[in-house]
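Note on naming: letters A, B, ... go to the chains in the order of the sequence lines (proteins, then strands), and numbering restarts at 1 for each one.
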Amino acid sequence: MSQPTAYDPRSVEHDLYRRWESSGFFNPDTLLGKRAKAFSIAMPPPNVTGDLHIGHALTIALEDLMIRHARMNGQAALWVPGTDHAGIATQIKVERMLEETGTSRHEIGREVFLKHVWQWKERYGDTITKQIRAMGASCDWSRERFTMDEGLTEAVQAAFVKLYDDGLIYRAKRLINWCPNDQTALSDLEVRHEERAGSLWYINYRVKKSSHSITVATTRPETLLGDTAVAVNPKDTRYKALVGKRVIVPIVDREVPIVADARVEMDFGTGAVKVTPAHDLLDAEIAKTHGLHAIRVIGPDGTMTEKAGRDLAGLPVHEARVLIVEALDRDGLLEKTEDYRSNVAVCDRCSTHIEPQESDQWFVNMAPLAKPASAAVRSGKIRIVPKRFEKVYFHWLENIQDWCVSRQLWWGHRIPVWYCGGPKVKRMGFSASVAPRLKHGKVTTWRIRDHHFNVGDTVTFIHSGTGKFTGQGTITDIDRTAVRQLPLTDPTHHQGRWTLAHAIRRIQSHYPDRKVTPDTEAWVYRYRYTAPRTARNGCGEVIVSHTQPTRCPTCSGKTFVQDEDVLDTWFSSGLWTFSTLGWPNNQKGRVKRGDLKRFHPTSVMETGWDILFFWVARMVMLSLYFTGEVPFRTVYLNGLILDDEGKKMSKSKGTGIDPLVMTEKYGTDAMRLALVIGQSAGQDFKMNEQKIAGMRNFVNKLWNIGNYVTGIGNGESGIAERSRSTTHHPPPTTPTDRWILSRLSAVTEEATDAIQRFDFSAAGQRLLDFAWHEFADWYLEIHKAERNDALLREVFDVLLRLLHPFAPFVTEQLWQQLRARRKNEFLMLAAWPQPGRRSTVDEKRFAEFRATVAALRNFRMHSGHKPHEIGHVVPGNHTRAWLTLYERLGHVSLQGTAREGSRIGLGYASFHFPAARVKAYESWKKKERLGLTQYLKRLDAQLKNTKLPDHVRKQVEAKRDDVLRRQKEL
RNA sequence: GGGGAAGUAGCUCAGUUGGUUAGAGCGCUUCGUUUACACCGAAGAGGCCAGGGGUUCGAUUCCUCUCUUCCCCACCA
């Protein structure tokens, strides 16, 4: 009976994982032994939206490596898995799904929508956890958490209430980052800056009661409608005389002052800047200093407001811009236009241009939290690997801005705030407009881009922001709106927008006689939802509490309405290390008592550097605040995985490597090895299929080594049980024994050390190199001559232990075979090897022999000998080669094959070669000698240095002797 | 504007305090199917360590400048 020669991961992985998991040993509570020392990792929770990508695979590989190493090392290893609800990301996905089925979240309402999301979560959350299992993650599933499960929701509420009670959370009306597409506020971190091509317009503002004018440069001419000042730098001599004068804002003819402010750059543009406090963060600050008011001309949906004037109201900004520039040009106020590339703020998620909007939001005051977070790293309580990220971390914390934590979404932790007196719905409605509003008076037809519209036409609604098709409708009225003021009664829509698909359905349900057909094509440029007008019947008192209040302390009112908004996803993530372990108060018995005390702070936080601010820093701040402890002792920041072009792998671009496909194709171990060995801390790296294939080859090599080792004896004999501190080897008897044990000790020491230094790549590389090029290539071949079965099995056993954290499946499988499957015995639980004694004498002796053999083989190739012509030293035929090794190490002189011809000596061996081959050999020898001569020259030059330190001189001299000896031999 | 990383073999990358003839994997060339493995074995070819200058007895390694690439942060309209 012969084993299959190629390793088939699929036939072992699934079954093995099942056995591991059902053994219960992923849970530290059931691990055997004292295990006084705890080692814990909180798994960065993947989003419940969709599949595991290659970055997750890396994280799992690294964390599993650490956990398995710790477990073998006798520690109570706990790895807490979980998933993240991922607010916006998930909501958008579910919305998209609803759109496909022809409905929308607004139509079905908040409650029903959330039911859909939960269903989605169940489905995808399940997929994710299956995939994590497929990666071989030895995490404790009995402690699995979800950011929106009951316990964590409790933690989130408790955290919010405490921060509020301590005065660190406040509500404020502020200019915030607003995404017109997602219709929600965003934190500063969720805004990306992108360089985009645009123009710089130079616009003249007439100075009042003067023939002068002042020219401002702007990239956003449409905002001039909301200008309330022009600002210049106080040091700017060009404008000194103008400060305090008033200018006329073009088009709207508003009189505004010229103010002096040091924040204005003199060198940019004309040195004069228009101030639009409602739509620019810097302008808002200038306005604050100078007491200017704000005029909001752009609405939350990214279109111009009524304040922008009758002619422009309702137009998307980019269209308004065109009309404004035209108007300026017509009036001769446009000085010039330049091409200009500028950094624009865009939504990190959907790349929509961010429109700063003033609105009521909840903020966390970060400065008091940042200081201790900074100190924790400075004092060494937290170590960041690699260290260079500390600087970035400090810089961010020192310049921290308050964190806008409210989001205008439905999916997430509802903000635990109640307002006394509920909103009373009076009237709701929406309108859809199809024309630029530059016309006045009664019109009966519109013309847009050569299309004429008439009553009765069916129009296709296309969202002006995204360009997506949203539905069809019939024009019912030629006025300013196509459809207007349909009565709507659903009170849950307080913000956000209606989709047109929904609008159309409304039309149909209210006016069943109207036909909506999809064939007439036209465009509707905008639609709009008018927010409900509300009237409170309470006092509006704000009550922050995790439960709904029953009685208002101010007015005794009994009606309360909870804040509609939810919290930023990262708010709950920030609590992850301790909320998963039971904070606060064991979460009403849902979590094992004592977990928090035992496993927190966690040992290591392993994640990508790209979420250092989003997540890592916030965890430090929140953990220190709520538990008084750091969340983790070490932060290991892994690099990002890049595609072959050096770009971050992206699923949408199709450049990503799918870890599940790779696992299927090459096995989990191969992929994990490729990831772990490919990366080094904080350093981005390229990944491709070829690398994984290379590791598959290694896994297969290991498998075949295993086949050989298990084949040599049948099971039982050999390996005795060993406690973890004393891995005693059978007494070495031969030089070969001493050599391999010495090498094993070396690799054990180096690999262990590298793991402790978080240099997983070096550890893996070292083990791989040993397994393949020392153990398999040389020792296994020696074994064929020496037949020390016990030692072979022993060394292999240790090797499997060392490799287990890197390639858990194949090593476990082989180990089970090696031990003839004793029940409930797992390599996963075996003791991590301790290094034994080194033997430099035997290592050196081996090195010499290896060099001898290599030289013989080299000569064979260069002289053109066929293998059989040389006899003992035959490439590939290690068995016989190793007979010679054995003889050498045993101090027996080596015998060559006697043939006719010249005799040559190589090191310790002497051989006779056929005369016909000697010529070829001579040319090879000449080349070799040349190399040695050059080397000798270099060494001599070094020796001439009078300042050469003694220890170096000694080394050089030894080398010189060696070269001379080799030269002589040639 | 501030900060960071990188430039080593055709490709992807190691190279730990300055001191062997700078390494590995993949690819390439040649040889070999001998019972663990062709997802293999053996022997090779291939590097002014981006470039200039400096420190040193000695620099891929330390300093400095230049060039090139990438990334992060930031309210120059």
(message) Apply side-chain hydrogen bond (donor to acceptor under 3.5 Å, both in side chains) to residues A:Y205 and A:D227 and explain how you reach the verdict.
(response) CA-CA 11 Å; A:Y205 284 46; A:D227 282 3; 2.5 Å; yes
(request) Round to a whole Å and report the spacing from NZ of A:K944 to P of B:rG19. (result) 23 Å
(message) Taking only side-chain N and O atoms of A:Y708, does any of them lie within less than 4.0 angstrom of OP1 or OP2 on B:rU35?
(response) no
(message) Could you tell me how far B:rG10 sits from B:rG27 if I compare only their C1' atoms? Round to whole Å.
(response) 8 Å
(message) What is the distance, to the nearest angstrom, from the NZ atom on A:K387 to the C1' atom on B:rU17?
(response) 16 Å
(request) Looking only at side-chain atoms of A:Q683, point me to the closest of B:rA6, B:rC57, B:rA36. (result) B:rA6
(message) Let me confirm one number: the CD-CD1 distance from A:E190 to A:I354, rounded to the nearest 0.5 Å.
(response) 9.0 Å
(message) With rounding to the closest Å, how many angstrom separate the P atoms on B:rC57 and B:rG18?
(response) 15 Å
(message) Rounded to whole Å, how long is the line connecting atom CZ of A:F698 with atom P of B:rC26?
(response) 13 Å
(message) Once rounded to the nearest 0.5 Å, what's the spacing between atom CG of A:L642 and atom CD1 of A:I54?
(response) 11.5 Å
(request) Take atom C1' in B:rU68 and the same atom in B:rA50, then report the distance between them in whole Å. (result) 8 Å
(message) For a quick check of understanding: with a heavy-atom distance under 4.0 Å over all strands, which category does A:Y393 fall into, base, sugar-phosphate or nothing?
(response) nothing
(message) Is there a side-chain contact between A:N697 and the phosphate of B:rC40, meaning an N or O under 4.0 Å from OP1 or OP2?
(response) yes
(request) Find the partner of B:rC39: check Watson-Crick (N1-N3 plus N6-O4 or O6-N4) and G-U wobble (N1-O2, O6-N3) distances, both under 3.5 Å, and reply none if neither fits. (result) none
(message) From CG of A:L767 over to C1' of B:rG25, roughly how many Å is that when rounded to an integer?
(response) 16 Å
(message) side-chain hydrogen bond (donor to acceptor under 3.5 Å, both in side chains) for A:T276 and A:K274? Distances and angles first, verdict last.
(response) CA-CA 7 Å; A:T276 321; A:K274 55 195 265 335; 3.0 Å; yes
(request) Could you state the atom-to-atom distance from CG of A:N945 to C1' of B:rC57 in whole Å? (result) 4 Å
(request) Would you check if the distance from the ring center of A:Y779 to the ring center of A:Y708 is below 6.0 Å? (result) no
(message) Between B:rU61 and B:rG54, how many Å separate the two C1' atoms, rounded to a whole number?
(response) 15 Å
(request) For A:Q934, report the nucleic acid contact type (base, sugar-phosphate, nothing); a contact means any heavy atom under 4.0 Å. (result) nothing
(message) Taking the P atom in each of B:rG1 and B:rU66, what is the distance between them to the nearest angstrom?
(response) 14 Å
(request) Quick one: label A:K691 by what it contacts on the DNA or RNA (base, sugar-phosphate, nothing), any heavy atom closer than 4.0 Å. (result) sugar-phosphate
(message) Counting only side-chain heavy atoms from C-beta out, which of B:rG25, B:rC76, B:rC57 sits nearest to A:H773?
(response) B:rG25
(message) What is the separation between atom CE on A:M695 and atom C1' on B:rC39, rounded to the nearest whole Å?
(response) 13 Å
(request) Determine the contact category for A:R938: base if any of its heavy atoms lies under 4.0 Å from a base atom, sugar-phosphate if only primed atoms, P, OP1 or OP2 are that close, otherwise nothing. (result) sugar-phosphate
(message) Using OP1 and OP2 only, check whether a side-chain N or O of A:K701 sits under 4.0 Å from B:rC37.
(response) no
(message) Mind checking if A:A776 touches a base, just sugar-phosphate, or nothing, with heavy atoms under 4.0 Å?
(response) base
(message) Can you pull out the residues from residues 223-232 of chain A that lie within a 4.0 Å heavy-atom distance of RNA chain B?
(response) none
(message) Taking the nucleotide of RNA chain B with the nearest heavy atom to each, does A:K391 or A:S680 sit closer to the 5' end?
(response) A:K391
(request) Could you give the distance separating B:rG51 and B:rG7 at their P atoms, to the nearest angstrom? (result) 13 Å
(request) With heavy atoms under 4.0 Å as the rule, sort A:L612 into base, sugar-phosphate or nothing. (result) nothing
(message) Just the rounded figure in Å: distance from C1' of B:rG4 to CH2 of A:W609.
(response) 10 Å
(message) So does A:I677 get a backbone contact from the side chain of A:S761, meaning a donor-acceptor N/O pair under 3.5 Å?
(response) yes
(request) Look at all strands and tell whether A:H951 reaches a base, only sugar-phosphate, or nothing, counting heavy atoms closer than 4.0 Å. (result) nothing
(request) Using only side-chain N and O atoms of A:H193, determine if any of them is under 4.0 Å from OP1 or OP2 of B:rC71. (result) no
(request) Using a strict 4.0 Å threshold on nitrogen-to-oxygen distance, state whether A:R757 and A:E750 make a salt bridge. (result) no
(request) Using whole Å, report how far CD1 of A:I641 lies from P of B:rC13. (result) 13 Å
(request) Measure from the side chain of A:K686, starting at C-beta and using heavy atoms only, and say which of B:rC37, B:rU12, B:rA77 lies closest. (result) B:rU12
(request) Give one of base, sugar-phosphate or nothing for A:R696, where a contact means two heavy atoms less than 4.0 Å apart. (result) base
(request) Using the P atom on both, measure B:rA24 against B:rG46 and round to a whole Å. (result) 14 Å
(message) Are there over 12 heavy-atom neighbours, none belonging to A:E749, within less than 6.0 Å of that residue's CD?
(response) no
(message) Using Watson-Crick or G-U wobble geometry with both distances under 3.5 Å, which nucleotide pairs with B:rG1?
(response) B:rC73
(message) Considering every strand and a 4.0 Å limit on heavy-atom distances, what is the contact class for A:H279: base, sugar-phosphate, or nothing?
(response) nothing
(request) Between B:rC40 and B:rG52, how far apart are the P atoms? Round to whole Å, please. (result) 41 Å
(request) Using heavy atoms to find the nearest nucleotide of RNA chain B for A:T218 and A:L948 separately, return the residue whose nucleotide is more 5′. (result) A:L948
(message) I want to check one thing: is the phosphate of B:rG41, taken as OP1 and OP2, less than 4.0 Å away from some side-chain N or O of A:W772?
(response) yes
(message) For A:N399, is the CG atom crowded, meaning more than 12 foreign heavy atoms sit under 6.0 Å from it?
(response) yes
(message) Using the side-chain heavy atoms of A:R388, tell me which of these nucleotides is nearest: B:rA24, B:rC39, B:rA5.
(response) B:rA5
(request) For A:N343, report the nucleic acid contact type (base, sugar-phosphate, nothing); a contact means any heavy atom under 4.0 Å. (result) base
(message) Can a donor-acceptor pair be found, under 3.5 Å and without considering hydrogens, that links the side chain of A:T270 to the backbone of A:A272?
(response) yes
Pairs under 3.5 angstrom only: tabulate donor-acceptor contacts from the side chains of residues 938-952 of chain A to other protein residues two or more places apart or in another chain.
| from | atom 1 | to | atom 2 | distance (Å) |
| --- | --- | --- | --- | --- |
| A:D940 | OD1 | A:R960 | NE | 2.4 |
| A:D940 | OD1 | A:R960 | NH2 | 3.4 |

(message) Which nucleotide wins on minimum distance to the side chain of A:D777, given the candidates B:rG19, B:rC39, B:rG41?
(response) B:rG41
(message) Any base atoms under 4.0 Å from A:W396, or only sugar-phosphate, or nothing? Heavy atoms, all strands.
(response) nothing
